[in-house]
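Structure, as structure tokens:
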Amino acid sequence: MHLGAWLGQLCRGLSRPVGRTPQLVRGSLSRRLVLSSRRRIPEFNSFVSRTNTCGELRSSHLGQEVTLCGWIQYRRQNIFLVLRDFHGLVQVIIPQDESSASVKKILCEAPLESVVKVSGTVISRPPGQENPTMPTGEIEIKVKTAELLNACKKLPFEMKDFVKKTEALRLQYRYLDLRSSQMQYNLRLRSEVVMKMREYLCNLHGFVDIETPTLFKRTPGGAKEFLVPSREPGKFYSLPQSPQQFKQLLMVGGLDRYFQVARCYRDEGSKPDRQPEFTQIDIEMSFVDQTGVQSLIEGLLHYSWPSDKDPVVTPFPSMTFAEALSSYGTDKPDTRFGMKIVDVSNVFRKTEIRFLQDALSKPQGTAKAICVPEGVKHIKRKDIESIKQFAADQFNQEVLPIFLKASRNWNSPVAKLVTEDQRLELIRLMEIQEEDVVLLTAGEHKKTCSLLGKLRLQCADLLETKGMVLRDPAQFSFLWVVDFPLFLPKEESPTELESAHHPFTAPHPSDLHLLYTEPEKVRSQHYDLVLNGSEIGGGSIRIHDAQLQQYILATLLKEDVKLLSHLLQALDHGAPPHGGIALGLDRLMCLITGAPSIRDVIAFPKSFRGHDLMSSAPDSVPVEELRPYHIQVSWPTEAEAGKDSLNQPHQQKS
Ligand code: ASP
């Protein structure tokens, strides 16, 4: 991007690293922050040596003597210099007269991105030289004194291009990346949202902000935890995957409305858009039911929502887990667009198509389909091939594309076996338009739904690359998903059960009796909050009865109850009924800002592999430092170590 254009974007707050939703951001950075604060404008200049921020000066300041501190963004012909701080840009006139030679020397010789302090007068720009793209474009600073606060060494890249650099480089020089308008906007908006959340919870609803330990012990059932060695041989702390036990214990302790901006840790390896440490808005309440928690969260999001976005509409719609799976093939449906999964088994009861016959002859067999709008125009033969390949590789399933006009079926002999009656019945059932394409598959319910759920999203991606807008990024579609099963079959051993949420989740009261006979059929009081197809929160009403908790842990989940004896004991000592939820703050902010990754809303995130590319953590430690922890390491072989050296920050994939 041309420097001038980049500057213009910076001024308007429009520049973003790899953003997909520029239309989300309107107006200048400072204006947006002020607008969304709803309260009085903060005093940005108290306690420091500047009198004003660079971005705040306007014609109304004409004649004022000001002192500004900032980074040198740009210099032109040794006459103009553009100074930047978090608030914006301002043009400074470099004095040319003999008596100001020392000021001129400082301002002309300091490398770009050096930090300087300048004092001078706000004057208007000569007629015709105003810059309407800059909020400060009507004025400039006639400098009297200048001080070089710190010179910037040669940069590892040109700042103006920095936003276009690889993410690994951005993470390696995060302190420079943080100077970009995107990162400034994301982190300041995050702080503002959290502040409003605190205000809503503590000031308006009497919640108490309580910190819970980070050094804890292993919690059975759930995500893998990081271990921290202790000085006692063979004894380890665990970093908690969430403050779940503590928040329940706080209820037993009578702190009946708890919240925390909680740091959580999960050792889940490399997963896109996950971080080994992340932040939750963690909430627990006594004497509450599911509706109470849901209303609280709706109010919280409504209150803390940035005012430059469309307001949050409450109450949020709700969908059962069963419906989410059968209509969208996932427990986190993106409800911004249709293309829902339709059961078409009855249409194909009599068919000559082999894979449909086979599937429908089985007791649990179904035929299901999605209708891709305007697919005739946008889905090419090669797309169909890759859809079929994906279905075969990932799900061992066949997919048959059906076009309304049989002639469009690309001479596929199988497609031609769809009779005219079946075609008409499909049109009726799925409300198909002439230009649409139906993707048909058959098999067991869950598997066909999951496959079509994935194809639904893939087709949405495909249609959007062709210019159709299915998922308006400025739209925020919240959805509660409820009535989850309490247990799911374990992936690695399907005859055993594991908790769908966590083992402290209460069963649905009307399914309690099934707990002792058919536990896999028990629904739970677990609810998830979904936003635009991402899970942004989850919680449950908890078990507050020690016997029931013991039964679920020991008998159904086969967990070692000794690890949780403190919690079981606490439940036996007058534990109130309680429930709660946790919102994933990083993911929420990522969706609000339209950032391409959660790393863009975290000041110092880890790379995809869990590394800090700036400091190279995790790092090895000398053997003697391991001794107090009674730890022996199987040190990497030379070959492995060599491989590791390839993983130096600048080469590392993030
Ligand atoms: N601790 C749970 C989690 O992290 C949330 C909750 O149940 O409140 O998913």
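Remember, it's 1-based here, ligands and their atoms both numbered in the order they're listed. Treat the numbers as computed from the prediction; the structure is a model and nothing was measured. Both backbone and side-chain heavy atoms feed into the values below; hydrogens, waters and symmetry mates do not.
At a 4.0 Å heavy-atom cut-off, ligand 1 touches Ser242 through the side chain alone. At a heavy-atom cutoff of 4.0 Å, ligand 1 is contacted by no atom of Gln245, backbone or side chain.
Ranked by closest heavy atom to atom 1 (N) of ligand 1, the top entry among Gln280, Gln244, Glu535 is Gln244.
Considering backbone and side-chain N/O of His502, one or more are found under 3.5 Å from N/O of ligand 1.
The atoms of ligand 1 that sit less than 4.0 Å from any heavy atom of Arg542 are 6 (C), 7 (O), 8 (O). Near Ile581, meaning under 4.0 Å from any of its heavy atoms, are these atoms of ligand 1: 8 (O). Listed by number with element, the atoms of ligand 1 under 4.0 Å from a non-hydrogen atom of Gly538 are 5 (C), 6 (C), 8 (O).
In this model, a donor atom of one side chain and an acceptor atom of the other lie less than 3.5 Å apart for Gln245 and His566.
Put simply, part of Lys247 is less than 4.0 Å from ligand 1, judged by heavy atoms. At least one heavy atom of His501 sits less than 4.0 Å from an atom of ligand 1.
Summarising the local packing, CD of Glu520 is surrounded by more than 12 heavy atoms from other residues, nucleotides or ligands at distances under 6.0 Å. Taking a 6.0 Å sphere around CD of Glu492, one finds it holds more than 12 heavy atoms contributed by other residues, nucleotides or ligands.
Geometrically, Arg231 engages Tyr629 in a cation-pi contact defined by less than 6.0 Å to the ring centre and at most 45° from the axis.
Considering only heavy atoms from C-beta on, Arg198 comes within 4.5 Å of Asp209 through its side chain. Side-chain contact between Ile552 and Ile543 is present, with heavy atoms from C-beta onward closer than 4.5 Å.
The closest donor-acceptor contact from the side chain of Asp511 to the backbone of Leu514 lies at 3.5 Å or more, if one exists at all.
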